[in-house]
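Every value quoted in this text rests on a predicted model; they were computed, and no experiment measured them. In the text below, chain A, chain B and the rest are named by the order of the sequence lines, each starting its count at 1.
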Amino acid sequence: MCLAIPGKLIAITAQLDDTFRTGKVSFGGIQKEVNLFMVPEAKIDDYLLVHVGVAISVVDEEEAKLTFKYLKDMGEVEELETPIN
Amino acid sequence: MKFLTEYRDPEMVVQYVKEIKAITTKPWTLMEICGGQTHSLVKNGILDMLPKLITMVHGPGCPVCVTSVSVIDEAIYLAEQPHVILCSFGDMLRVPGSKKSLLEAKAEGADIRILYSPLEAVQLAKSNPDKQVVFFAVGFETTAPANALSVVHAASLGLNNYSILASHVLVPPAMEAILGDDENTINAFLAAGHVCTIMGIDEYYPIAEKYKCPIVVTGFEPVDLLQGILMAVQQLERGEYKVENQYARSVQREGNKMAKETIQKVFTVSDRVWRGIGNIPESGYEVNEKYKNFNARVKFKINIPLAEENKECISGAIMKGLKKPKECPNFGIQCKPEHPLGAPMVSSEGACAAYYHYASADEVVLE
Ligand code: SF4
């Protein structure tokens, strides 16, 4: 649960006020609703480091892809698949 | 050196290992704080690659490992209240409380849900107005902004059926507690990259200075860890004790401003009992006065007696770097991931489970 996983911001899904935004982030195909409050500078197509449903920083694309591949190879991205029960 | 071909950059791994070997002339003990780093060091066989003079000990940076027995009992108490839905990150469910774990409480009928994010718990509260939804808010500084944000969000939605059971822990006070212990043998720290992504690195300068201890903010991939170890050993061999940032691609000196503001808005610094270690002053976050309606301890007037810890578990000594998992007489015998005696055997980020799963990590202890 301590990991932050990089993914690509593909859509802004809600803008509740000036700062409280949510977006859809794709993690190698798995899509998640992510809160964008901490990354006001983030735009569509940016790569974000996401921790427990909240983006904590904008990261370089190349870097993000390599990190994601590493995490996937190590079997560390399963937490994204936790169902809402 | 297994898994080597899978590394992002195998040549760099070899190069860093060579450089570390070339410069190491004395025995040094380094502690990585973060459980994610422990997991990565063990799983990738890095402990086996390091020169014999370097000993890695594994710090308390795994929320599953340090959440106290009493707080687990509090979570179980809440989960067993009628009309309460208790939400938690999955890893917390198997941690033993004083009588049972959340998983056992769930089997007995308590409504416990595993969620990926505290913000999902706010949604759950919104769609279940007749229930009280409580999120079990564990974690280090990395997780604190998300948990704080869930409170801010619930407040802005006007929800009066959402609260959190805060059990936040903070890295710098724990480092001080470890370094302040006379028995400690730690020469340098690898600080946790994602914690610093949030908080920045300013808090570490006084610690490095006071204890004359190099601190290198480090990522969690093999190349990051090896580079972090190299930077720390270079300082030690030169007699320096600086704060350095290996993980500059994610960590800025000032951290994430919005995240820090959100934390300050909702939380206040409080004392915290760490499982295995005991009370560390000002080492946690609790929900502040302004948001007290979102504090499950206040809302449900919880009054759980302080629970005894299992004396057979030596997790405290392990997390302070005084012992290695295999020095615990219960390791792999009475204590296994399927029936953990102590918390570090529960999560794969706990040192005991990491050693158990990846038996290649025999190093120093068996020599
Ligand atoms: S092996 Fe089990 S009992 Fe021993 S320290 Fe680790 S968690 Fe505790």
Side-chain angles (χ1 to χ4, degrees), chain A residues 1-6 13-14 16-23 25 27 30-42 47-85, chain B residues 3 6-9 34-36 39-40 43-44 61-64 89-92 112-120 123-124 138-140 142-143 145-147 149-150 152-153 156-157 192-195 197-198 219-223 249-252 256-262 347-349:
Chain A
M1 60 155 282
C2 290
L3 274 182
I5 301 174
T13 46
L16 303 182
D17 56 41
D18 282 357
T19 48
F20 202 95
R21 292 188 302 162
T22 58
V25 173
F27 301 92
I30 305 168
Q31 295 189 1
K32 281 265 171 196
E33 189 79 7
V34 165
N35 188 291
L36 304 174
F37 180 78
M38 317 281 171
V39 287
E41 72 278 27
Y47 280 78
L48 308 176
L49 208 50
V50 177
H51 175 67
V52 300
V54 176
I56 57 172
S57 64
V58 179
V59 286
D60 172 69
E61 171 172 354
E62 205 48 43
E63 195 51 51
K65 286 182 176 157
L66 288 168
T67 302
F68 186 79
K69 183 177 179 306
Y70 166 77
L71 290 172
K72 204 172 157 66
D73 289 349
M74 290 289 138
E76 309 285 351
V77 295
E78 285 140 25
E79 69 174 42
L80 291 171
E81 280 147 32
T82 311
I84 296 186
N85 45 5
Chain B
F3 302 129
E6 289 168 27
Y7 289 144
R8 176 198 276 221
D9 198 336
C34 156
H39 180 79
S40 181
K43 189 167 183 173
N44 291 296
C62 154
V64 177
F89 296 123
D91 324 27
M92 295 305 295
I112 298 172
R113 320 263 180 115
I114 297 172
L115 299 185
Y116 159 67
S117 166
L119 293 160
E120 293 173 344
Q123 287 308 318
L124 200 63
V138 300
F140 281 86
T142 324
T143 318
N147 288 336
L149 196 61
S150 79
V152 175
H153 189 40
S156 71
L157 293 173
H194 290 152
V195 165
T197 302
I198 301 291
F220 60 89
E221 292 179 56
V223 169
R249 63 182 194 271
S250 172
V251 175
Q252 254 129 51
N256 180 317
K257 182 171 156 276
M258 297 298 270
K260 289 206 284 194
E261 277 174 22
T262 311
S347 154
S348 61
E349 289 168 9

Worksheet item: Would you say the side-chain atoms of B/Asn256 pair up with the backbone N or O of A/Met38, donor to acceptor, closer than 3.5 Å?
Response: yes
Worksheet entry | Proximal component of A/Glu33, with respect to chain B [non-hydrogen, under 4.5 Å] | neither
Worksheet item: In terms of heavy-atom proximity below 4.5 Å to chain A, should B/Thr197 be classed as side chain, backbone, both, or neither?
Response: side chain
Discussion item. Hydrogens and angles aside, do A/His51 and B/Thr143 bring a side-chain donor and acceptor to less than 3.5 Å of each other?
Written reply: yes
Fill in: Exam field: side chain A/Glu63 to backbone A/Val59, donor-acceptor pair closer than 3.5 Å
no
Item to complete: Would you tell me whether B/Ser40 and A/Tyr70 have side-chain atoms, one donor and one acceptor, within less than 3.5 Å of each other?
Response: yes
Fill in: Top contributor to chain A contacts, counting heavy-atom pairs under 4.5 Å, from B/Lys257, B/Lys260, B/His39
B/His39
Response to the item:
Counting heavy-atom pairs under 4.5 angstrom with chain B, the leader among A/Ile56, A/Val54, A/Leu49 is A/Ile56
Discussion item. Are B/His194 and B/Phe140, when compared by the centres of their aromatic rings, separated by less than 6.0 Å?
Written reply: no
Discussion item. Is B/Thr262 close to chain A through its backbone or its side chain, or both, or neither, when contacts mean heavy atoms under 4.5 Å?
Written reply: side chain
